[in-house]
Protein chains: 2
Amino acid sequence: MKETLKAFKVLSDETKMRILNILLERECCVCEVMQALEISQSKASRGLSALYDVGFLKQRKDGLWSLYSIDKDNISGYKSQLVEAVQEALKHNKKIALDKERLKKASRNGARCNSSFDGDAICQPNAT
Amino acid sequence: MKETLKAFKVLSDETKMRILNILLERECCVCEVMQALEISQSKASRGLSALYDVGFLKQRKDGLWSLYSIDKDNISGYKSQLVEAVQEALKHNKKIALDKERLKKASRNGARCNSSFDGDAICQPNAT
DNA sequence: TGCATATATGCAGGCATATGCATATAGTGA
DNA sequence: TCACTATATGCATATGCCTGCATATATGCA
């Protein structure tokens with residue numbers, strides 16, 4: 001039961017729901033998530049690891065990069081239903097569409113994420 | 001998006017998830033929910049109204065009683081997927097089975113809920 | 001009209017979560 | 001070994017949620 005509650009709770013957060021959505025497009029490193037969602041590095045990293053902890057994501061390392069993707073092979077039962085619910089709920093959402101647009105232009109180290117680009121400064125507050 | 005997040009959030013709480021589950025069995029008044037889950041009156045009432053606010057439940061009044069049930073006619077899309085995910089996640093859960101057992105014995109005013117039976121006192125802490 | 005019962009809700013305390021900031025950690029290449 | 005970059009995380013703070021307690025509200029009945 002605790003596990004189930006955690007799965008619902010992780011997804012009841014805008015950032016994490018958006019992260020899950022772009023990962024449905026393709027595998028991403030933390031850096032690309034930052035760029036796609038225009039969020040800070042710590043926010044991206046924490047969001048990803050929260051989704052990982054609950055079992056929605058798998059992770060692999062490639063040099064400096066930490067690459068996350070949907071753990072399709074291990075998502076089943078209610079968890080796959082949750083992922084489908086997220087997709088269904090947001091399939092016509094504007095913000096999500098923007099995220100996906102930006103994701104296309106995003107790239108590993110393409111933006112020199114941590115230094116020159118500072119998501120913290122750019123990211124607007126919780127406007128919906 | 002806010003609406004979607006609220007739907008996930010409401011269900012990321014044990015009490016509300018259990019309430020949703022027993023309502024899948026049948027319509028209940030607040031009193032019966034208290035008895036089935038062995039929780040306090042305010043907890044039952046607030047849980048029900050939270051689920052109502054998000055659109056999972058409908059409500060009708062019958063004299064003193066406030067009767068809640070799953071709003072099947074208006075639950076569609078991602079919300080019905082969420083309800084299904086809850087059912088799937090908890091279909092073999094022991095606590096849920098107990099809730100349903102107690103629900104069978106529960107009745108409107110059968111326990112003189114507010115006075116003699118005090119859920120607050122009986123209900124054990126958050127053991128899982 | 002007054003009492004009993006069922007439900008809703010204001011308030012306050014406690015707890016969990018989200019997040020920015022700063023920093024630690026770990027690869028990479030010179 | 002050192003500088004650089006990507007990622008993870010400790011700390012402090014702000015915010016929101018859960019819940020019990022007490023009380024208000026509403027309905028039925030004598």
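The chains referred to below are lettered A, B, ... by the order of the sequence lines, with proteins before strands, and numbering in each begins at 1.
- OP1 or OP2 of D:dA6 has not a single side-chain nitrogen or oxygen of A:Y68 nearer than 4.0 Å.
- Separating the CZ atom of B:R60 from the P atom of D:dT27 is a distance of 15 Å, rounded to the nearest angstrom.
- Distances shown here put a side-chain N or O of B:T15 below 4.0 Å from the OP1 or OP2 atom of D:dT19.
- Atom P of nucleotide C:dA6 and atom CD of B:Q59 are separated by 17 Å, given to the nearest angstrom.
- Taking for each of A:S12 and A:D62 the nucleotide of DNA chain C with the nearest heavy atom, the 5'-most of the two is the partner of A:S12.
- At a threshold of 4.0 Å, the pair A:K104-A:E25 does not count as salt-bridged, since none of the basic side-chain nitrogens sits closer than that to a carboxylate oxygen.
- For B:L64 and C:dA6, the CG to C1' distance is 5 Å, given to the nearest whole Å.
- Defined by atom type and a distance below 3.5 Å, a donor-acceptor pair is missing between the side-chain atoms of A:S107 and A:E32.
- In this entry D:dC29 has C:dG2 as its Watson-Crick or G-U wobble partner, both defining distances falling under 3.5 Å.
- In this structure, A:D53 atom CG and C:dA16 atom C1' are separated by 16 Å, rounded to whole Å.
- B:E14 places its CD atom 12 Å from the P atom of D:dC18, with the value rounded to the nearest Å.
- For the pair A:K9 and A:G63, both in contact range of DNA chain C, the more 5′-proximal nearest nucleotide belongs to A:K9.
- Using modelled atom types and a 3.5 Å distance limit, the side chains of A:Q59 and A:Y52 yield no donor-acceptor pair.
- Proximity of A:S49 to the phosphate of D:dA8: no side-chain N or O atom is located under 4.0 Å from OP1 or OP2.
- On a pure distance criterion of 3.5 Å, a polar donor-acceptor pair joins the side chain of B:R46 and the base of C:dG10.
- The residues A:E14 and A:K95 are annotated as salt-bridged, a charged nitrogen and a carboxylate oxygen being separated by less than 4.0 angstrom.
- Dashed line: the shortest gap from a side-chain N or O of B:S45 to OP1 or OP2 of C:dT9 is not under 4.0 Å.
- For C:dA6, the base has no donor-acceptor partner in the side chain of B:Q41 [N/O atoms by modelled type, under 3.5 angstrom].
- For A:D13 and C:dT17, the CG to P distance is 11 Å, given to the nearest whole Å.
- Between A:D62 and A:R108 there is a salt bridge, since a side-chain N of the basic residue sits under 4.0 Å from a carboxylate O of the acidic one.
- Atom C1' of nucleotide D:dC18 and atom CG of B:L11 are separated by 16 Å, given to the nearest angstrom.
- Rounding to whole angstrom units, CZ of residue A:R108 and P of C:dG27 are separated by 15 Å.
- Taking side-chain N and O atoms only, A:K16 has a distance below 4.0 Å to OP1 or OP2 of C:dA18.
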